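Below is one structure, written out as structure tokens; comments come after it.
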Amino acid sequence: GAVVSQHPSWVICKSGTSVKIECRSLDFQATTMFWYRQFPKQSLMLMATSNEGSKATYEQGVEKDKFLINHASLTLSTLTVTSAHPEDSSFYICSSGGLSSYNEQFFGPGTRLTVL
Amino acid sequence: RKEVEQDPGPFNVPEGATVAFNCTYSNSASQSFFWYRQDCRKEPKLLMSVYSSGNEDGRFTAQLNRASQYISLLIRDSKLSDSATYLCAVNIDPNSGYALNFGKGTSLLVTP
């Protein structure tokens, strides 16, 4: 299957700093990528849909000014958590694929963010 | 009401047992359904897509009941390596991309 990478795999930062997470599709072009967040013992929750060359679509309750998404190329989407706070500590996962109803989505390995 | 609901478990079963998980979804317009497996602190990995006619892959059988809006996963002859969390996923809105709506997951522990 297709490969999606994420960087960094984990990050610890101080409250108030910004953290950038990269999601790359390594062997295919991804016009659409999805960003999910998972809190402990909770389900993956869709945060936003990232579209190459256009603005991201955010789910209800997700602040677009806090979670900045940039999808400048067909192989890279970035999520920047601005002014991170402890409640932003979570597991952030990107995925790509899903271009048709049964087209498999490929998930990155996730980024574990801890904000002190 | 949550859109995708699963029994969180945990299910503790002995090796060799048969175990079944159910999942219900609320959006009747959903078109595609999946079971994912997630190991601790890892990303989810696709286990099976679930088709209307039901489908089987080795020890795993998936069923879809559109009328009742639920899907199921049956695992036969459980192995220790089957221990994981199983996530039910349903596509959110076929008209705006194919992002997935996940259940909270059902935890399975297979014991010797």
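In what follows, every chain begins at residue 1, and chains take the letters A, B, ... in the order their sequences are listed. The shown structure was predicted, so the numbers you read here are calculated from the model rather than taken from an experiment.
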Item checked: A:Ser43 side chain near B:Val4 side chain, heavy-atom distance below 4.5 Å ->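 Of all side-chain heavy-atom pairs linking B:Val4 with A:Ser43, none is under 4.5 Å.
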
Side-chain heavy atoms nearer than 4.5 Å, only ILVMFWY residues, links allowed to pass through others: does that put [X] and [Y] together?
X	Y	result
A:Tyr92	A:Tyr58	yes
A:Met33	A:Met47	no
B:Trp35	B:Leu64	yes
A:Trp35	B:Phe102	no
A:Leu76	A:Phe34	no

Item checked: Distance in Å, A:Gln105 CD paired with B:Phe34 CZ, rounded so as to fall on 0.5 Å steps ->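 Those atoms lie 7.5 Å apart.
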
Next item on the list: Report the distance from atom CZ of A:Phe91 to atom CD of B:Glu43, rounding to the nearest 0.5 Å.
Entry: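 So the CZ of A:Phe91 and the CD of B:Glu43 are separated by 6.5 Å.
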
Notebook entry, point to check: Can you tell me if A:Tyr36 uses its side chain to pair, donor with acceptor, with the backbone of B:Leu100 under 3.5 Å?
Noted result: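 Confirmed, A:Tyr36 side chain pairs with B:Leu100 backbone.
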
Checklist line | Residue pair B:Lys104 / A:Lys41: nearest heavy atoms and the distance that separates them | finding: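 Shortest heavy-atom separation between B:Lys104 and A:Lys41 comes out as CD-O, 4.3 Å.
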
Margin query: Report which part of A:Gln6 has an atom under 4.5 Å of a heavy atom belonging to chain B: side chain, backbone, both, or neither.
Written below: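 Contact with chain B involves no heavy atom of A:Gln6 at all.
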
Notebook entry, point to check: By a 4.5 Å heavy-atom criterion (distance strictly below it), what part of A:Ile93 contacts chain B: side chain, backbone, both, or neither?
Noted result: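 Just its side chain gets close to chain B.
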
Margin query: Does anything in residues 109-116 of chain A reach chain B? List residues with heavy atoms under 4.5 Å apart, or say none.
Written below: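 Against chain B, the residues of residues 109-116 of chain A that fall inside the cut-off (heavy atoms, under 4.5 Å) are A:Pro109, A:Arg112.
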
Checklist line | B:Gln6 versus chain A, the contacting section by heavy-atom distance below 4.5 Å | finding: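 Looking at B:Gln6, nothing touches chain A.
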
Item checked: Atom NZ of B:Lys42 with >12 non-hydrogen neighbours under 6.0 angstrom ->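 Counting other residues, nucleotides and ligands, NZ of B:Lys42 stays at 12 neighbours or fewer.
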
Check: Has B:Arg41 got more than 12 heavy atoms of other residues, nucleotides or ligands less than 6.0 Å from its CZ?
Finding: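 No, not enclosed.
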
